[in-house]
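Below: one structure, written as structure tokens.
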Amino acid sequence: MIPDKAPQEDVFHCSEDLKKESHIPSFEKYKELYTRSIENPDEFWGAIAKDFFWKTKHTGCFLDYNFDVTKGEIFVKCMEGATTNICYNLLDRNVHERKLGDKIAFFWEGNEPGDDLTVTYRELLQKVCRFANVLKSQGVKKGDRVSIYMPMVVELVVAMLACARIGAVHSIVFAGFSAESLCERIIDSQCSLLITADGFYRGDKLINLKLLADEALQKCRDKGFPLKTCIMLKHLSKEPEAAGRQSPPAKRACPDLEVPWNPDVDLCWHSLMGGAADECEPEWCESEDPLFILYTSGSTGKPKGVLHTVSGYLLYAATTFKLVFDHQPDDVYWCTADIGWITGHSYITYGPLANGATSVLFEGLPTYPDIGRMWQIVDKYQVTKFYTAPTAIRLLMKYGSDPVQKHNRKSLKVLGTVGEPINPEAWQWYHGVVGEKRCPIVDTFWQTETGGHVLTPLPAATPTKPGSATFPFFGVVPAILNESGEELEGPSEGYLVFKQPWPGVMRSVYGNHERFEATYFKKFPGYYVTGDGCRRDKDGYYWITGRIDDMLNVSGHLLSTAEVESALVEHKSVAEAAVVSCPHMVKGESLYCFVTLNDGVAFSQALEAELRKQVREKIGAIATPDYIQNAPGLPKTRSGKIMRRVLRKIACDEKDMGDISTLADSSVVDELFRNRCATTV
């Protein structure tokens, strides 16, 4: 699977300077450790586990599992018998055992330049303990689910770690999602409490988050699930006594922000924190106790609550962060993702803090107030390791190299990408312009479900090919299957699957284990099925070719076609809808929607605007359709199934249809081509 020697031609090699300090300085060392992680995983992961605190040690084998639905229930168990607390390992261990109390945990950089603060590990521990006591005072206990709907502020990290400290299960909902999406997630995970903020700015745009939160809570009440408590952080509308270190300072005052307040439900973060004690004993949790639920789009349209558990996730997030970014004690690391996504969970909060890292936490946009903002921040904090999405890279590429080269960037050592495969052109620009051809690029492939990187280069060990996810991480065994479920050897293309678990893989879909088994294990018994296509080249490098199921990857975020279609057909004018992707030079993929209207309804710009608004309200701005085409008829088989392959060809303006003999009425194809939207790629 892993070649004996790394190729020397058509690849990019790491600098010798980086190799000198690297944890894994050569391809030979990588292969040796990889082989050990597969042949003796108990010994490999057991050695890593010794770096962390365990209240009680594990008994039996380190990792037990069943991936074959024909042999019984699917399960993964890591370090059974062990007890620990992940918050203790992230904060107490670093403050008391590793003496890192005065080290900066986060440089917080607000939306406005100059709006910033620093938080040390000792200060973060104190804040987390106080908010953990607040949660306990509100009746939150081990196993309870807590919904968090907040902007990128330090208090978001405080809230999630406070949950982890008392054994509560956090369910973070991205602050760009709609009230409907928040309501759906609160009800599905049966949350007992909501934590939110008054509002925040994204660039010039003011988001009244409390208004959306209240709308979601009303929807919950309408559906028979009233939430008794909502804790609100004053981020923009601060009172004088709430100033100082309790909350990031608001450079951009917002006195006109109207914050709805329900005294029967709402409580003020600052008032509660003012009366809370500074110490809180951690709740010791079993290894397989739930840590968090994070929702990801499902092909049926209903989001899946991906469930991760304590010990395995801790080990995997910590180890992937340390080795993939080659973390060193004096690094300043910056991941530009939002904590509302898995990238922010694993590589802003849990992975970096487990390693005692210093990170940048950024509230704003890469182009606000100007297109040099990212590189200004890199210079301001002397960032050494930088992790962002191909979408952001392609966006900045449009403006050329001058905005980048106006800034120094000499501190940068490793560059990373996440969220979607990066096209070779963007890779080359990132490497040549941003990294000045001296920074290795770690193009990471992973999913909400995997918990951490599964296919990735290692900075000093792996020669890289632009656009390739390279090789598997330790403990990960990939395979490529054909449609019949047969493993393909050598250069090949097919379904990407994994043959055995690693500590950080998801354990279930919350409240629906049958869906977990059906989604990830039923198609090919004995394998975890990623839903992605993959190609392996002659050198053994893996290349992700995109989703095989009905999913879209827009700006690095997975969206379900069924979810968008469902939002469209809820409009009274729409009889049927079909959604496909077409290429987009910045976002990677864009949403191209075909709508069939009810009899007597005329397609108009006003209706088009209504449909876009409907999708935004039902799902969130991230799902706003790029193109909406009136489709009096859709290409269907005689059995009534929509042929999405044909719709994708129309959306991309590709006239070669292939075999369409199974269509009930092929004339609809010509009609759709004549009326297709003018797309730009």
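Excluded from the calculations below are hydrogen atoms, water molecules and symmetry mates; all remaining heavy atoms, backbone and side chain alike, are included.
Relative ring orientation between His453 and Tyr347 is described as parallel, the plane-to-plane angle staying below 30° on a 0-90° scale split at 30° and 60°. Between Phe53 and Tyr88, the ring planes are tilted. Angles from 30° to 60° get that label. Note: Phe131 and Trp269 have parallel aromatic rings, judged against thresholds of 30 and 60 degrees for the angle between ring planes.
Asp370 and Gln376 share no side-chain donor-acceptor pair at under 3.5 Å. Using a 3.5 Å distance cut-off with no hydrogens or angles, the side chains of Thr448 and Tyr295 do not pair a donor with an acceptor. Neither side chain, Asp102 nor Thr120, offers a donor N or O lying under 3.5 Å from an acceptor on the other. Between the side chains of Ser411 and Asp379, not a single donor N or O lies within less than 3.5 Å of an accepting N or O. Using modelled atom types and a 3.5 Å distance limit, the side chains of Glu363 and His235 yield a donor-acceptor pair. Using modelled atom types, one finds a donor on one side chain and an acceptor on the other under 3.5 Å when comparing Thr336 with Thr388. With hydrogens and angles left out, the side-chain atoms of Gln447 and Thr530 include no donor and acceptor closer than 3.5 Å. A donor and an acceptor atom, one from each side chain of Tyr201 and Glu112, are nowhere located under 3.5 Å apart.
The two residues Arg36 and Glu32 make their nearest non-hydrogen contact at NH2-OE2, 2.9 Å. For the pair Lys5 and Phe27, the tightest heavy-atom approach, listed with the atom from each and the gap, is C-CE2, 3.8 Å. In plain terms, the two heavy atoms of Ile377 and Glu109 that are nearest each other are CD1-CG, 3.8 Å. Nearest heavy-atom pair across Gly356 and Arg98 is N-NH1, 3.7 Å. In this structure, Val154 and Leu124 approach most closely via the heavy-atom pair CG1-CD1, 4.4 Å. The shortest non-hydrogen separation linking Cys129 to Arg165 is SG-NE, 3.5 Å.
Of the candidates Trp45, Phe321, Phe474, Tyr316 forms a side chain to side chain contact (heavy atoms under 4.5 Å, CB included) with just one, namely Trp45. A ring-ring contact (aromatic ring centres under 6.0 Å, His included) with Phe471 is found for one member of Tyr541, Tyr542, Trp543 and no other, namely Tyr541. When each of Thr358, Asn355, Thr384 is checked for a side-chain hydrogen bond (donor to acceptor under 3.5 Å, both in side chains) with Asp331, only Thr384 meets the rule. With respect to Phe362, the ring-ring contact (aromatic ring centres under 6.0 Å, His included) criterion is satisfied by exactly one of Trp334, Tyr381, Phe106, Trp108: Trp334.
Between the CH2 atom in Trp502 and the OG1 atom in Thr320 there is a gap of 12.0 Å [rounded to 0.5 Å]. The structure places CD1 of Ile371 at 9.0 Å from CG of Leu395, a figure rounded to the nearest 0.5 Å. Note that CG of Leu91 is 10.5 Å distant from CD1 of Ile86, once rounded to the nearest 0.5 Å. Taking OG1 of Thr470 as the start and CD1 of Ile2 as the end, the distance is 10.0 Å to the nearest 0.5 Å. Here the straight-line distance linking atom OG of Ser171 with atom CD1 of Ile148 works out to 8.5 Å at 0.5 Å rounding. To the nearest 0.5 Å, the span separating CG on Asp326 from NZ on Lys19 amounts to 12.0 Å.
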Full working for ring pair (Phe, Tyr, Trp, His ring centres under 6.0 Å) between Trp341 and Phe177: CA-CA 11 Å; Trp341 307 105; Phe177 275 150; 5.6 Å; yes
Verdict with reasoning, Lys465 to Asp539, per salt bridge (Lys or Arg N to Asp or Glu O under 4.0 Å): CA-CA 10 Å; Lys465 297 185 180 187; Asp539 296 317; 2.7 Å; yes
His345/Tyr350 under ring pair (Phe, Tyr, Trp, His ring centres under 6.0 Å): CA gap, chis, key distance, verdict: CA-CA 6 Å; His345 281 57; Tyr350 287 107; 7.0 Å; no
Residues Arg130, Asp278; criterion salt bridge (Lys or Arg N to Asp or Glu O under 4.0 Å); working and verdict: CA-CA 5 Å; Arg130 289 170 73 183; Asp278 288 346; 3.6 Å; yes
Test side chain to side chain contact (heavy atoms under 4.5 Å, CB included) applied to Cys439 and Val414, step by step: CA-CA 5 Å; Cys439 300; Val414 174; 5.9 Å; no
Test log, rule side-chain hydrogen bond (donor to acceptor under 3.5 Å, both in side chains), inputs Thr444 and Tyr387: CA-CA 10 Å; Thr444 61; Tyr387 195 35; 2.6 Å; yes
Glu155/Lys234 under salt bridge (Lys or Arg N to Asp or Glu O under 4.0 Å): CA gap, chis, key distance, verdict: CA-CA 11 Å; Glu155 287 85 352; Lys234 292 185 176 182; over 6 Å; no
CA sep, side-chain torsions, deciding dist, call: Glu420, Lys587, salt bridge (Lys or Arg N to Asp or Glu O under 4.0 Å): CA-CA 10 Å; Glu420 59 187 302; Lys587 297 192 292 185; over 6 Å; no
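Side chain of Thr196 to backbone of Tyr149: a donor-acceptor contact under 3.5 angstrom is found. A side-chain donor-acceptor contact under 3.5 Å links Lys103 to the backbone of Pro329. Checked by atom type and distance alone, the side chain of His584 pairs as donor or acceptor with a backbone atom of Val586 at under 3.5 Å. A donor-acceptor pair under 3.5 Å is absent between the side-chain atoms of His270 and the main chain of Leu233, judged by distance alone. Although no hydrogens or angles enter the test, the distance criterion places no donor-acceptor pair under 3.5 Å between the side chain of Arg373 and the main chain of Thr367. Thr319 places a side-chain N or O within donor-acceptor distance of the main-chain N or O of Leu315, the cut-off being under 3.5 Å. One N or O on the side chain of Asn94 and one on the backbone of Leu90 form a donor-acceptor pair closer than 3.5 Å. Counting only distance, with no hydrogens or angles, the side chain of Thr462 and the backbone of Thr464 share no donor-acceptor pair below 3.5 Å. Looking only at distances, a side-chain donor or acceptor of Ser346 sits under 3.5 Å from a matching main-chain atom of Gly451.
More than 12 heavy atoms of other shown residues, nucleotides or ligands fall within 6.0 angstrom of atom CD in Gln405.
Side-chain atoms of Ile207 and Lys205, non-hydrogen and from C-beta on, do get closer than 4.5 Å to each other. At least one side-chain heavy atom of Phe386 sits less than 4.5 Å from a side-chain heavy atom of Trp375.
Between Phe498 and Trp446, the gap from one ring centroid to the other reaches at least 6.0 Å. When ring centroids are compared, Tyr333 and His327 stay outside the 6.0 Å threshold.
Lys410 pairs by the side-chain hydrogen bond (donor to acceptor under 3.5 Å, both in side chains) definition with Glu436, not counting sequence neighbours.
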Could you give the side-chain donor-acceptor pairs of residues 424-434 under 3.5 Å, partners two or more places apart or in another chain?
unit_1 : atom_1 : unit_2 : atom_2 : d
Glu425 : OE1    : Asn423 : ND2    : 3.2
Tyr430 : OH     : Gly416 : O      : 3.0

